[in-house]
Amino acid sequence: MILRGMNLPLIIACILIVLALIILPLIVSYKAEKIEKNKKNEWDKIKEYENKLNNKTREKY
């Protein structure tokens with residue numbers, strides 16, 4: 001068996017490193033996605049400004 005020649009702490013360390021390399025990017029991307037969801041993109045800002053202008057011109061007439 002492959003594990004006989006290896007030390008147990010080395011095996012545990014390798015497993016922890018592999019898990020960290022898998023889980024860490026998932027956590028970072030989840031946080032980035034959450035922040036991006038809260039931000040308005042440029043098109044939403046433009047639409048909001050357009051609606052504001054339209055409402056002002058409608059009130060005048």
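One finds the CG atom of N7 at 10.5 Å from the CD1 atom of I12 (value rounded to the nearest 0.5 Å). L53 CG to R58 CZ: the interatomic distance, rounded to the nearest 0.5 Å, is 11.0 Å. Atom CD1 of I11 sits about 12.0 Å away from atom CG of L16, to the nearest 0.5 Å. Expressed to the nearest 0.5 Å, how far OH of Y49 lies from CG of N54 amounts to 11.0 Å.
Between P25 and A20, the shortest heavy-atom contact is CD-O, 4.0 Å.
Under a hydrophobic-cluster definition in which Ile, Leu, Val, Met, Phe, Trp and Tyr are linked whenever side-chain heavy atoms come within less than 4.5 Å, directly or via other members, I35 and L24 are assigned to different clusters.
A salt bridge between K45 and E42 is present, with a side-chain N of the basic residue lying under 4.0 Å from a carboxylate O of the acidic one.
The environment of CD in E50 is crowded: more than 12 heavy-atom neighbours from other residues, nucleotides or ligands sit within 6.0 Å.
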